[in-house]
Amino acid sequence: MDVFALFASRVASALKVLYPEVGADLLARIVVEPPRDAAHGDLSTNAAMVVAKPLGKNPREVATALVEHFKHDADVTLVEVAGPGFINFRLADAIWHQVLRSIAAQGADYGRSNLGGGEAVNIEYVSANPTGPMHVGHTRGAVFGDTLASLMAYSGYEVTREYYINDAGSQIDTLARSTMLRYREALGETIEIPSGFYPGDYLVPVGQALKAEYGDKLLAMPEPEATAIVKDRVLAAMLELIKSDLALLNIHHDVFFSERQLHGQGGDIDLTLEWLRSKDMVYQGHLERPKGGDTDGDYEDREQTLFRATNFGDDVDRALIKSDGSYTYFAADIAYHRNKFLRGFKHMINVLGADHSGYVKRLQAAVKAVSLNAADMDVRICQLVRLMKNGEPFKMSKRSGDLVTLADVVEEVGADATRFMLMFRRNDASMDFDFALVKEQTRDNPVFYVQYAHARTFSIFRNAGKELPALDFSAEALKVAEIERIVTSAELDLIRVLAAWPRTVTAAAIAHEPHRIAFYVHDLAAAFHGFWAKGKDDVQLRFVNVEDPKLTLARLALVNAVRQVIVNGLTILGVSAPDELS
RNA sequence: GCGCCCGUAGCUCAAUUGGAUAGAGCACCUGACUACGGAUCAGGAGGUUUGAGGUUCGAAUCCUCACGGGCGCGCCA
């Protein structure tokens, strides 16, 4: 049950009765939301202000008519016009009791919606080059993408989590050559790693595995043949490395899409270019010298094959074929996104790092072109994460191959804290990640704070079992608890927070902003801790009342609802909800 | 030079996507432990939302221009 959605439909039908001429487009702009200031009421709507102008009426006049209408609604105890034409509602306790019952009935599904209507959405995230282990820079996008995927799935979308493997570029040749050196090293040679090669020692085991499998036979082979073998082996090894890094954060993709499979004669890129040509989206032309960017001085004015990206909102048209005749990275990417579209995805989301912000427009142009505007592409940019320790920037070693890795971070602070902290911030602003803070078990640390709230619900049940050993508080018993006994404003306020969960999820899913889930869960934890502490001042507010088992049961139902919603939120975030903290 | 993102309390961040008096935590000050684990809570103080215009019933949010910070710019990937 979503109280806000319920009243949104009541407001809409009231308007239809009062002003039949109001159209659907206008109704769609009406929102029913909690007022910023709780003193204004439980619900607030802008309906009168939205509708007044097109009707040629005064907002307060419309508001007054609506207020009259809602005076007959049994669920409303107070309704009034405020400010320029807001309508504020105060709801009857019975509504909040219904919310509590619906949480008990729906359990893990409380908050789940059919917003997406089962439509397929492709979410591509991480897509780090398969040339080594994941470093900390990849971590934010990985967590963001994975959480967004869970959020969308929870909101009724058919989600595919996808990873694009950039295994076709020249960096892979370099990777293969670097691995070849490690292979020679495994055979006993003394090696020196030239600059430009990958120096990381994660390639050592790959070289050893090649020795174990081939002995020294690779040295005797013609180079192209040996390179092909090494490339296959090292790519597979790097992919396993990345998968195991991601697994540390419980991140698992459904599809690993190889760029290599797009290349080759008659491959997707060939077919895509052919298709683009048939739609007149490709031409031969010249590109302007990049302003201020031609640092190498290797710009050469020549005629080349260009994609009409400007027709789809990009700043300039983009090259598809390099001077050596091979395809550009972007050409492959167009083919890749056409592939996504042909697989049935009309909604695509790409999660990229800040260093790819310049790529957004052309990516969106590509999707518009290959789908003839039938598909949409949202690109979410995750800004940089600055590692901190005790308020000081965490200095990373400049020695290459010695970056802070994802695995380092998880080992240091754990998967839960890593995930939660990275989601406790909008994605489009840079953030500080303080190692020391995340390990503290205090109020300062939001991960701990939320998990403690969850653990506290369990301690309350444990205590209830001790104080009222005869009381049955199984799930079945809680479902038939006398919820009506819950009447104090402190308790009802807590239910009000619980009632906001469904609309929080929906709004977050529409905006593609999973961080809102983290903030909501934190708010709920605060409300719960606050209520808990009231029991210290006022014994009557304690959850367990030995003299009144029925009231106790009703309050345990409230505690259980809080527990359930925290779990629902943490599940989307991919953070565990422990029963007790050590 | 151009594009994208950001600029909110001393610090780290929110703000229901255009809503009412801009809110939390930290730090600072004051209070609450014979305890449903106080690993918490209640309260105080702290703001010209970088600046200047504009749009409208209404702006931190949208538009324009400055200023400051970050990331980019190509036939790289």
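The backbone N or O of A:Ala309 sits less than 3.5 Å from a side-chain atom of A:Asp317, completing a donor-acceptor pair.
Judged by ring centres under 5.5 Å apart and planes tilted less than 30 degrees, A:His356 fails to stack against the six-membered base ring of B:rG72. Put simply, A:Phe86 does not rest on the base of B:rG19: the two rings are not both less than 5.5 Å apart at their centres and under 30° in tilt.
Counting non-hydrogen atoms under 4.0 angstrom, A:Phe330 reaches nothing in the nucleic acid. Base contact: A:Glu33 has a heavy atom under 4.0 Å from a base atom. Within 4.0 Å of A:Ser44, counting heavy atoms only, lies at least one base atom of the nucleic acid. At the heavy-atom level, A:Ala319 lies under 4.0 Å from the strands shown only through sugar-phosphate atoms. Within the 4.0 angstrom heavy-atom criterion, base atoms lie near A:Arg503. As judged by a 4.0 angstrom heavy-atom cut-off over every strand, A:Phe448 is placed among the base-contacting residues. As judged by a 4.0 angstrom heavy-atom cut-off over every strand, A:Arg542 is placed among the base-contacting residues. Residue contacts for A:Pro34: at a heavy-atom cut-off of 4.0 Å it reaches a base atom on one of the strands shown.
Ring planes of A:Phe519 and A:His515: perpendicular class, angle over 60° (limits at 30 and 60°). Ring geometry, A:Tyr164 versus A:Tyr336: the interplanar angle falls under 30°, so the pair is classed parallel (tilted spans 30 to 60°).
Residues of residues 518-530 of chain A having a heavy atom closer than 4.0 Å to RNA chain B, listed by number: A:Phe519, A:His529, A:Gly530.
Of the candidates B:rC76, B:rG72, B:rC75, B:rC75 carries the atom nearest the A:Gln304 side chain, counting heavy atoms from C-beta on. Distance from the side chain of A:Gln171 is smallest for B:rA77 among the nucleotides B:rA77, B:rC71, B:rC13. Side-chain proximity of A:Ser357 to the nucleotides B:rC75, B:rC6, B:rG3 is greatest for B:rG3. Residue A:Ala82 places its side chain closer to B:rA20 than to any other of B:rA20, B:rU40, B:rA77. Nearest nucleotide to the side chain of A:Arg462, out of B:rA20, B:rG37, B:rA77: B:rG37.
Between the side chain of A:Thr328 and the base of B:rA77, no donor-acceptor pair under 3.5 Å is found. Side-chain to base pairing of A:Ser323 with B:rC75: one donor and one acceptor N or O lie within less than 3.5 Å of each other.
Computed from coordinates, the A:Trp501 CH2 to B:rU16 P distance equals 17 Å when rounded to whole Å. Rounded to an integer number of Å, the gap from NE2 of A:His286 to P of B:rG74 is 18 Å.
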Secondary structure string for RNA chain B (Watson-Crick or G-U under 3.5 angstrom, | for other-strand pairs)
(((((((..((((.....[...)))).(((((.......))))).....(((((..]....))))))))))))....
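The side chain to side chain contact (heavy atoms under 4.5 Å, CB included) with A:Ile334 is formed by just one residue from the set A:Thr272, A:Leu363, A:Asn339; it is A:Thr272.
Taking only side-chain nitrogens and oxygens, A:His515 comes nearer than 4.0 Å to OP1 or OP2 of B:rA15.
More than 12 heavy atoms of other shown residues, nucleotides or ligands fall within 6.0 angstrom of atom CZ in A:Arg90.
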